[in-house]
Amino acid sequence: AQSVTQPDIHITVSEGASLELRCNYSYGATPYLFWYVQSPGQGLQLLLKYFSGDTLVQGIKGFEAEFKRSQSSFNLRKPSVHWSDAAEYFCAVWGSGNTGKLIFGQGTTLQVKP
Amino acid sequence: DTAVSQTPKYLVTQMGNDKSIKCEQNLGHDTMYWYKQDSKKFLKIMFSYNNKELIINETVPNRFSPKSPDKAHLNLHINSLELGDSAVYFCASSQGAEGTQYFGPGTRLLVL
């Protein structure tokens, strides 16, 4: 069965520092992968997605993610974090069967220190 | 205009009651979803509808009944509410099952 693991439950970085959030997936075929962000008390907003092609994908708010098939990973990065980036980040993979079912990781809480 | 809206935003109710949560999208999408986010922030799909037809029905108690009166609406009715139903419920929509899903702001349900 497909699954997503986000190994880091909570990460704290200083404002201006670089950020990498880890995501590992389990999927038999080529996965469709997503990163969503949830600000406090808000819904989920799509940051970026990978379907095929270039393994380095650019998203909104200066985020990027790299798909590495050999490591079953899709890590999210940002070169310089802003205080407004503090939020919950979810990695997700599409389940099989073309039903649109998203399987989410446990989420990583990002705290930004001034 | 809000793309995916949910009402109410907050819902506090007693055990045993029946309640409904409404979802509307103005994106012209044909597929809508309900997700549940538990107290540990874990998100899990409950249902999805495509053109008013049920596509996904995860292992959800039959106290939960979705209803899609038209493509733009997907409501969630919950009978005999239990303490464990307390969660945040998110509605989402997409154009086809392969489209990007856009989420609503969530409905925070607290069962006392």
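Naming convention: chains lettered A, B, ... in sequence-line order (proteins, then strands); numbering from 1 in each chain.
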Check your understanding: Tell me, side chain or backbone of A/Q38 under 4.5 Å from chain B's heavy atoms, or both, or neither?
Key -> side chain

Review point. Looking only at atom types and distance, does a side-chain atom of B/Q6 sit under 3.5 Å from a main-chain N or O of B/G106, one as donor and one as acceptor?
Key: yes

Point to revise | Derivation and outcome, salt bridge (Lys or Arg N to Asp or Glu O under 4.0 Å), residues A/R77 and A/E66 | key: CA-CA 8 Å; A/R77 300 194 294 248; A/E66 186 170 13; 3.2 Å; yes

Review point. Which residues in residues 102-114 of chain A have a heavy atom less than 4.5 Å from any heavy atom of chain B?
Key: A/L102, A/F104, A/G105, A/Q106

Check your understanding: Is it the backbone or the side chain of B/S48 that comes under 4.5 Å from a heavy atom of chain A, or both, or neither?
Key -> side chain

Check your understanding: For A/Q42, is it the side chain, the backbone, both, or neither that has a heavy atom closer than 4.5 Å to a heavy atom of chain B?
Key -> backbone

Point to revise | Portion of A/L44 that has a non-hydrogen atom of chain B nearer than 4.5 angstrom | key: both

Check your understanding: With a 4.5 angstrom heavy-atom cut-off, which part of B/I56 approaches chain A: side chain, backbone, both or neither?
Key -> side chain

Review point. Would a 4.5 Å heavy-atom cut-off, applied to side chains only, mark A/I11 and A/L21 as touching?
Key: yes

Revision key, fill the gap. Tightest non-hydrogen contact, residues A/P40 and A/A86, listed as CD-O, 4.2 Å

Check your understanding: Roughly how far, to the nearest 0.5 Å, is the CG atom of B/L83 from the CD atom of B/Q14?
Key -> 10.0 Å

Point to revise | B/Q95 side-chain N/O to B/Q101 backbone N/O, donor-acceptor pair under 3.5 Å | key: no

Review point. Can you name the closest pair of heavy atoms from A/S39 and A/A87 and give their distance?
Key: CA-CB, 4.0 Å

Review point. Say you draw a straight line from CD1 of B/I78 to CZ of B/F64; how long is it, rounded to the nearest 0.5 Å?
Key: 4.5 Å

Point to revise | CA sep, side-chain torsions, deciding dist, call: B/H77, B/N79, side chain to side chain donor-acceptor pair (under 3.5 Å) | key: CA-CA 7 Å; B/H77 189 76; B/N79 288 326; 2.9 Å; yes

**Study point:** chain A contact residues among residues 28-38 of chain B, heavy-atom distance under 4.5 Å
**Key:** B/Y33, B/Y35, B/Q37

Exercise for review: Pull out the residues in residues 49-61 of chain A that come under 4.5 Å of chain B, heavy atom to heavy atom, sorted by number.
Suggested key: A/K49, A/F51

Exercise for review: Classify the ring geometry between A/Y32 and A/W94 as parallel (under 30°), tilted (30 to 60°) or perpendicular (over 60°).
Suggested key: tilted

Exercise for review: Say whether A/H82 and A/D85, considering side chains only, have a donor N or O and an acceptor N or O under 3.5 Å apart.
Suggested key: no

Review point. Who pairs with A/F63 by ring pair (Phe, Tyr, Trp, His ring centres under 6.0 Å), at least two apart in sequence or on another chain?
Key: A/Y89

Practice item. Give the minimum heavy-atom separation between B/S80 and B/D85, together with the two atoms involved. Key: O-OD2, 4.5 Å

